[in-house]
Amino acid sequence: MTEPISTRNLDRYGFAELPWSRPRDVLAAAGTPESHLTFFLGTVRPDGRPHSAGVGAVWVDDALYFKSGPGTRKSRNLAVNPACSVSVRLTGIDLVLEGEARRVTDPATLERVAAVYRSSGWPVTVEGDAFTAPFSAPSAGPAPWHLYRLTLRTAVGVAGAEPYGATRWDFAP
């Protein structure tokens, strides 16, 4: 997932479509724990009702990763249905990412993402196929924490700063 396969201008006021590079570059620069961005994960409960919760997310190697304890509602929802959305307000653009979140168990990826979290001061270590640390956000549930990677299907950005606009980007399945 590096470039969209299609782009659609959603703007009604005559502004041009936004390039995917705009939110992607902001995520690459600011999508780290020390930036203190607030990401919200939307999942679907087994009975079809929505669920939303804050997650500690990072942008690493052109992908969004987040962590969650296996007993949390969001992790239990993802185990049944990986479809989800992640919303974030970036500098100059609000962004909604939609796709599927799958658990990451690859040791090299776990270590690479843990290093990003550690760079912000969170003393996370990889134990087996999960993360552990002396503390985490209460919404993450107790350790160990699973790491998830969002496979992006669509994204919608609405610019709140010049150049203005609203755009949908679609990515290959």
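- With S120 contributing its side chain and Y117 its backbone, the two residues share a donor-acceptor pair below 3.5 Å.
- Applying the side-chain hydrogen bond (donor to acceptor under 3.5 Å, both in side chains) rule to K74 yields no partners; only residues at least two apart in sequence or on another chain are considered.
- Across L78 and C84, no two heavy atoms sit closer than the pair CD2-CB, 4.1 Å.
- With sequence neighbours left out, D94 forms a side-chain hydrogen bond (donor to acceptor under 3.5 Å, both in side chains) with R89.
- Salt bridge status for R8 with E17: absent, with no side-chain N to carboxylate O gap under 4.0 Å.
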List, one per line, each side-chain donor-acceptor pair under 3.5 Å for residues 127-144, sequence neighbours excluded.
from	atom 1	to	atom 2	distance (Å)
D129	OD1	R103	NH2	3.0
D129	OD2	R103	NH2	3.2
S136	OG	K67	NZ	2.8

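- Judged purely by atom type and a 3.5 angstrom limit, R149 has no side-chain atom pairing as donor or acceptor with the backbone of Y65.
- Annotation for L64 and L97: closest pair CD2-CD1, 4.1 Å, computed over non-hydrogen atoms.
- Checked against salt bridge (charged side-chain N to carboxylate O under 4.0 Å, His left out), D170 has the following partners two or more places apart in sequence or in another chain: R168.
- Looking at heavy atoms from C-beta onward, D11 lies out of side-chain contact with T167 at the 4.5 angstrom threshold.
- Taking all atoms of both residues into account, the shortest heavy-atom contact from A166 to L18 is N-CD1, 4.1 Å.
- Hydrophobic cluster membership is shared by V126 and V116, with clusters built from Ile, Leu, Val, Met, Phe, Trp and Tyr side chains linked at under 4.5 angstrom.
- Separation of atoms CG (L152) and CG (L150) is listed at 5.5 Å; rounding is to 0.5 Å.
- For the residue pair F15 and Y164, the shortest heavy atom distance occurs at CB-O, 3.3 Å.
- A distance of 7.5 Å separates CG in L37 from CG in L27, rounded to the nearest 0.5 Å.
- Although no hydrogens or angles enter the test, the distance criterion places a donor-acceptor pair under 3.5 Å between the side chain of S75 and the main chain of G69.
- Nearest approach of A159 to R22, heavy atoms of both residues: CB-NH1, 3.5 Å.
- We find the CG-CZ distance between D61 and R112 to be 4.5 Å, quoted to the nearest 0.5 Å.
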Could you tabulate the donor-acceptor pairs under 3.5 Å formed by side-chain atoms of residues 39-48, not counting sequence neighbours?
from	atom 1	to	atom 2	distance (Å)
T43	OG1	N77	ND2	2.8
R45	NE	P50	O	3.4
D47	OD1	R49	N	3.0
D47	OD1	R49	NE	3.3
D47	OD2	R49	NE	2.8
D47	OD2	R49	NH2	3.3

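- In this structure, CZ on R73 lies 13.5 Å from OG on S52, to the nearest 0.5 angstrom.
- Using modelled atom types and a 3.5 Å distance limit, the side chains of E98 and T154 yield a donor-acceptor pair.
- In this structure, W20 has its ring center closer than 6.0 angstrom to the ring center of F171.
- Residue P82 comes nearest to R102 through the heavy atom pair CG-NH1, 3.1 Å, listed as atom of the first residue, atom of the second, then distance.
- Every residue two or more places apart in sequence or in another chain that forms a ring pair (Phe, Tyr, Trp, His ring centres under 6.0 Å) with Y148 is listed here: F66.
- Ion pairing of R24 with E3 is present here, as a side-chain N (NZ or NE/NH1/NH2) and a carboxylate O approach within less than 4.0 Å.
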